[in-house]
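One structure, as structure tokens, below. Some questions next.
Every heavy atom of this structure was used, including side-chain atoms; hydrogens, water molecules and symmetry mates were not. Convention: sequence-line order gives letters A, B, ...; per-chain numbering from 1.
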Amino acid sequence: MIALRNVTKKFARRIAVDDLSLTVQRGEVFGLLGHNGAGKSTAIGMMLGQVWPTRGEVMVCGHNVQSSRRAALMPVGAIFEAPAFYDYLSGWRNLEIFSAYTAPTSKARIREVIEWVGLTGREQSKVGTYSHGMRSRLALAQALLPRPELLILDEPSDGLDPEGIHEMRQTILRLQRELGLTLLLSSHLLNEVEQLCTRFAVLRQGVKVFEGSVAEVKSALGKVALKTPDFAAASRLLLARGLITAAAEDRFITLAAGRSTAEVAQALVAAGMDVQGIWQHEQTVEDFYLGLIRRPREEKQ
Amino acid sequence: MFLAQLKNELWKLFGKKRTYIGFGAFLLAQSLMLLAFKYTRWQGDFEKLLNGNGYLAAEFISVLTVSVVMLIPQIMLLMPLYATLIGGDLVAKEAEDGTLRMILLRPVSRLRLLFVKWMAGIIFAIVLVLMLGLTAMGFASLLFPWKGMFVFAPGQAFAVLSAQDGLVRFIFSLSFMAVNASVMVSVAFMFSCFNMKPSAATILALSLLFLSMVMENIPFFDRYDDWFITHHFKCWLLIFSDPAPWMQICQSEIVLFAVSATAFVIGAMAFQVRDIKS
């Protein structure tokens, strides 16, 4: 559904996105993760034909966004972190305005979408009177109006309270489950990506430093947690015997090829050391992300 | 779809309170000027002028005469202000508010979007002038009779017209005023397409018009009058000359249409290459 090929965007001398290549397959929930200013919104802007790439090619739904913006965006809906509306007009009128720039939309369709997002009864009120949550629902309604196949969400939970964040996440899951949409969402909330996405990419200062599945990251093998009163002595022993290749953070060991946790436990007990616990450590997206982000800082130091 | 888009742009434009500032200001100015004309020395001086030139003042202090007297300062001072205020808002205010980014999520070309917005601005200009002309006549008819017309016309001291001839020319003058207002909207719209605040677009457009007016009035530039936009704005008064200089009027109207079109094209080119970011 989305393919970015060697895309670079420069604003004056600053490189916002550097040689980014990315693929989002139909039916995926894809996350774009990165710190503030990492280039997530710029990348999304390029996918939506709002920001012109300095170099490279952006394909959406099989069409080049730069040369065939209309065809590319026809089956696309999008929501921004702070959706803006014509506050002095009603929610209904706002939806009519947005749909007029897509394709003829029947009143029945507008009513259907309003019902889907749960705004029935408030559609004739001025948007200026809407709560933050209602504005988010209206934003979702405008995105769903053209019956999109692809939904792009730029920081959808930004500015929402915990209840609103929960509601937004449930809605995203519902969109995928009930409407079968392909979703791309950008976020700097790690647990959001972990909970919602099947695959994700990490941007750091405009550069993609990772692209893969959440399952891949979680099951990254080799890291084992070891709980013992003297971790330093235990790791020295295990290294000397060739059972592990590395020890870190006073609790993690990396098993040598072909070795098991049982062998490690046996070796320690045989050497008279207490083993309070030993288990395969399941890495969180947060651990993984922080590792990626911290790496260049450590390298610099 | 074009009509649906235009209808929605007009909803947006006429749904905003600030769109009505101009209408309100014109109504206030007209009522004040009407009272000033009726109850100060202004009317007396006018009558003396007419009598001194051998005309019976009572026959020419009429609805049409007073309407044009009220319109002259408003067209020169208020019209540019309110036309450029709306023109400057058309794109820049939406960019500032973030709604432009929302609209550009839709599969619409930037050129189409701009064209619809520009057309909405032109319709606003026409409505503003129509309202201005009709309310001027409406207010004047409350205090003055329907008789012949006396008007100061550029290039000649003054013109005296029958009521019927005066009305026809007044209607023509309104259409020329609408073209003037459209040019003002277009110039502000052009600046609005660049990456700037709406107030900056309005101020730049006003500055351009003001500069044109100042330069046009410097004797050194007399021979270059045709190069100044404001020189061509005088068409709406030229129509009251007897006989009306149609060739000169047509030339000026063509220049004004060309200025509007050029402003649109420059604005569209700037907008096309712009990055729309939050």
Side-chain angles (χ1 to χ4, degrees), chain A residues 9-11 16 41-42 44-54 60-61 63 65 68-90 93-105 126-127 138-139 142-143 145-146 148 152 154-155 158, chain B residues 1-21 86 89-120 193-195 197-198 268-278:
Chain A
K9 177 63 189 177
K10 282 184 188 174
F11 292 110
S41 294
T42 303
I44 286 180
M46 289 191 283
M47 292 172 204
L48 294 169
Q50 300 191 341
V51 174
W52 302 120
T54 310
V60 172
C61 300
H63 300 277
V65 176
S68 316
R69 186 176 180 275
R70 191 175 155 73
L73 295 188
M74 197 55 103
V76 178
I79 302 175
F80 294 129
E81 72 271 31
F85 294 103
Y86 304 100
D87 287 352
Y88 51 91
L89 298 176
S90 69
R93 176 66 63 189
N94 268 274
L95 292 179
E96 278 190 337
I97 288 171
F98 292 122
S99 64
Y101 284 107
T102 310
T105 308
K126 286 186 178 177
V127 175
L138 187 63
Q142 65 79 27
L145 265 181
I152 296 176
D154 190 7
E155 312 259 10
D158 229 40
Chain B
M1 285 307 282
F2 177 78
L3 286 179
Q5 290 163 359
L6 184 60
K7 186 187 86 175
N8 282 314
E9 281 302 321
L10 292 172
W11 264 107
K12 279 155 56 178
L13 187 57
F14 287 99
K16 273 189 289 193
K17 282 183 188 152
R18 61 192 280 160
T19 302
Y20 297 97
I21 296 174
I86 295 302
D89 266 10
L90 281 171
V91 178
K93 185 77 173 80
E94 286 225 38
E96 188 181 61
D97 291 347
T99 46
L100 186 67
R101 206 172 162 220
M102 295 288 285
I103 288 283
L104 282 174
L105 290 177
R106 313 266 52 105
V108 59
S109 74
R110 293 189 182 194
L111 188 64
R112 172 69 166 263
L113 177 65
L114 279 194
F115 186 68
V116 174
K117 285 188 169 297
W118 186 54
M119 287 308 294
C193 290
F194 288 83
N195 192 7
K197 297 233 174 250
M269 284 164 64
F271 191 68
Q272 194 65 31
V273 296
R274 235 180 102 178
D275 289 322
I276 310 292
K277 288 208 75 189
S278 57

Atom of D275(B), atom of V51(A) and distance for their closest heavy-atom approach: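 Looks like OD1-CA, 3.3 Å.
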Heavy-atom closest contact (A100(A) atom, N8(B) atom, distance):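 Residues A100(A) and N8(B), closest heavy atoms: CB-ND2, 3.2 Å.
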Contact summary for R274(B) and W52(A), nearest pair of heavy atoms: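 The answer is O-NE1, 3.6 Å.
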Choice from L100(B), D97(B), V273(B) maximising heavy atom contacts with chain A below 4.5 Å: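 Of L100(B), D97(B), V273(B), V273(B) has the most heavy-atom pairs under 4.5 Å with chain A.
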Pick from K277(B), R112(B), M1(B), R101(B) with the largest number of heavy-atom pairs that fall under 4.5 Å of chain A: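 Ranked by contacts with chain A, first place is R101(B).
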Nearest heavy-atom neighbours spanning R106(B) and R69(A):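 Taking every non-hydrogen atom into account, O-NH1, 3.1 Å.
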Between K17(B), E94(B), K16(B), the one whose heavy-atom pairs under 4.5 Å with chain A are most numerous: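 The option with the most such pairs is K16(B).
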Choice from A72(A), A139(A), A103(A) maximising heavy atom contacts with chain B below 4.5 Å: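 Heavy-atom pair counts peak at A103(A).
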Chain B contact via F98(A) - which portion, at a heavy-atom distance below 4.5 Å: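 The answer is both parts of F98(A).
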Closest-packed option against chain A by number of heavy-atom pairs under 4.5 Å, given L113(B), V116(B), L105(B), I276(B):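 Heavy-atom pair counts peak at L105(B).
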A82(A) versus chain B, the contacting section by heavy-atom distance below 4.5 Å: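 Neither part.
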Region of L48(A) that comes under 4.5 Å of a non-hydrogen atom in chain B: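 Both backbone and side chain.
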Portion of K12(B) that has a non-hydrogen atom of chain A nearer than 4.5 angstrom: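 When you check distances to chain A, atoms from both the backbone and side chain of K12(B) fall under 4.5 Å.
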Side chain, backbone, both or neither of P83(A) within contact of chain B (heavy atoms, under 4.5 Å):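 Both parts, backbone and side chain.
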Close side-chain approach of L73(A) and V108(B), heavy atoms under 4.5 Å: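 Side chain of L73(A) against side chain of V108(B), heavy atoms only: no contact under 4.5 Å found.
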D87(A) portion near chain B, given a 4.5 angstrom heavy-atom threshold: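 Neither part.
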Nearest heavy atoms of G98(B) and A84(A), plus distance in Å: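 Closest approach of G98(B) to A84(A): C-CB, 3.5 Å.
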Heavy-atom side-chain contact between N94(A) and M102(B) under 4.5 Å: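 No; the side chains remain at least 4.5 Å from each other.
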For the student: nearest non-hydrogen atoms of Y88(A) and G15(B), plus distance: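 Minimum heavy-atom separation between Y88(A) and G15(B): CD1-O, 3.3 Å.
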Rounded distance [0.5 Å steps], OH in Y101(A) versus CG in L104(B):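 It comes to 9.5 Å.
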Spacing of I97(A) atom CD1 and W11(B) atom CH2 [to the nearest 0.5 Å]: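 The CH2 atom of W11(B) is 9.0 Å from CD1 of I97(A), to the nearest 0.5 Å.
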